[in-house]
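Accompanying notes for the structure given below.
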Amino acid sequence: MDGNGTKNFNLHRCAVSDDTNDTLTARAYDAPLRPSRTAFQRDRERIVTARAFRRLAGKTQVFTSRASDHFRSRLTHTIEVVQIARGVAQALGLNEDLSEVLALAHDIGHPPFGHAGERALDTCLKLHGLRFDHNIHALRIVEHFELRYAAHRGLNLTLGVREGIIKHSRDYTVAQYPELACYLLDRMPPLEAQIIDLADEIAYLTADLDDGVESGLLEIGHIRAHVGLLDDCFTQIEQIHPGVEEKYLFNEALQLMQNTLTDDLVATTLANTRAIGATSLSEIRAHTARLAVFSAVAEAQRQQEKHYLYETLYTCPELSLEHDKAEEVITRLFNFWINKPDELPSGYVEQIETEGLARVVADYIAGMTDSFILLQYAQVKRAVRR
Ligand code: MG
C-alpha cells in the first residue's frame, strides 16, 4: 500500500506470467489448453481434488488429541494460509492464482502428528542413511503418488508450481540435492513463492495463541506479559472497547496482530523490491536474498512470539506426552514394516525395488492421517501379541 492507502501495482511487472508460452506454465506431459482457465487455476483444481489434500483434514497442526472440535487441523490451517497469501499477492500485484496454489500445497507433504511426526520419521530414516523433508515429500506426492491420469503418474503440475513447492520455505543446493537441479536452485524463487513461508508464519503465530488459549494451556494475561506484539494489539483494542469481556478483546487483538504482520510483509516486500530497482521476475530471481521478509521490528516481534510458543506451548508437559506417543507409534510401525515388508500394501511393495525399503515405508507412513496411523498401530500391536 502507498501512504495514501491506495493499492500500488508496481510489482505487477515482477509477477509470474500466466502466459501459456512461459516456461513456468509448462508441464512435463502435454495437456490440452483450457481457454476459460489459466495454467495456475487448473493447478489449483489439481491440488484441491488430490487425495493427499483431503487427508490434511485428518492431520494434526499442533494438538494431536481431539479434545476440542475448534483446534486447527492441517486443512483449516492451510485455508488460513491461503487467504493471507492471496491477500498479500493481491496487494503487491503478484500472480494471485500461483500464490493460492502454493499455499494450498504448502503442507501437503506433512506426516501425521505434526512436527513430532516429522521428527520421528526423520530419526527413523537417518538410521538408513536417508532424511525426511516435507517439501521434498510434497514433490514426491504431486509428481509420483497421486494417480488420477491414464497417461502418467502424478498431477502433471506446471513448473512454476513444482518450483514453488520445493522452494517456498527454504533454499536447497544442487550439491546436496542433485535430483532438484531442474528447479533453478541457483536462483531465488518468484515473490509468489517467497510470500508463502511468511503467510504460513502469520497464520500459525495467530492460530497457535488462539488454540493455546482454547486448550487451557495458555492464559491471556501470561501471553500479554511475554508477547509484545499481542500486548500492543490488546491495549489498542481495549482502548476502543473498554470494559468488554477479555475473550472478545483477545479475539480482536489476534485479528489486529494478523493484520499488522500482513501489512508489514506487504510494505517491506514492496520497499525491498523498489530499493533494488527490480522491475522484472528475472531481477527478483537474480537478487542474492529473498525480498519478501518482515521489517526488522516485526521480525524481532515474530522471534519473541515464536520463542514464547516454543517454550510455553510446543514443549509443555501435556504436548510432550502427545509427542512421545507420536514418536512411539511412528517408530514402532516403521520398524515393523522394515522387518515385514510383505505386510505393506501391494502398491508399496512394488516400489521397493526402485525406491528402497526404508523410503517406501516412510512414504506409506507419511501419507497417513492421525486416525489411520493409530488404527494401524492397534492392529500391529494385536498381530505382534498373537
Ligand atoms: Mg503450514
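Whatever order the structure lists them in is the order used to number ligands and atoms, beginning at 1.
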* **Donor + acceptor pair across side chains of R148, T49 (<3.5 Å)** => yes
* So what does the H77 NE2 - the Mg ion (ligand 1) - D200 OD1 angle come to, to 10°? -> 70°
* Of the non-hydrogen atoms in E96 and A89, which two are nearest, and what is the gap between them? -> CA-CB, 4.0 Å
* To do: Run the salt-bridge test on R72 and E214 with the 4.0 Å N-O cut-off and return the result as yes or no.
  => no
* What's the atom name of the N, O or S in D107 nearest to the Mg ion (ligand 1)? -> OD2
* Asked: Do the two ring centres, one from H137 and one from F132, sit under 6.0 Å apart?
  -> yes
* **Shortest-distance N, O or S atom of H106 relative to the Mg ion (ligand 1)** => NE2
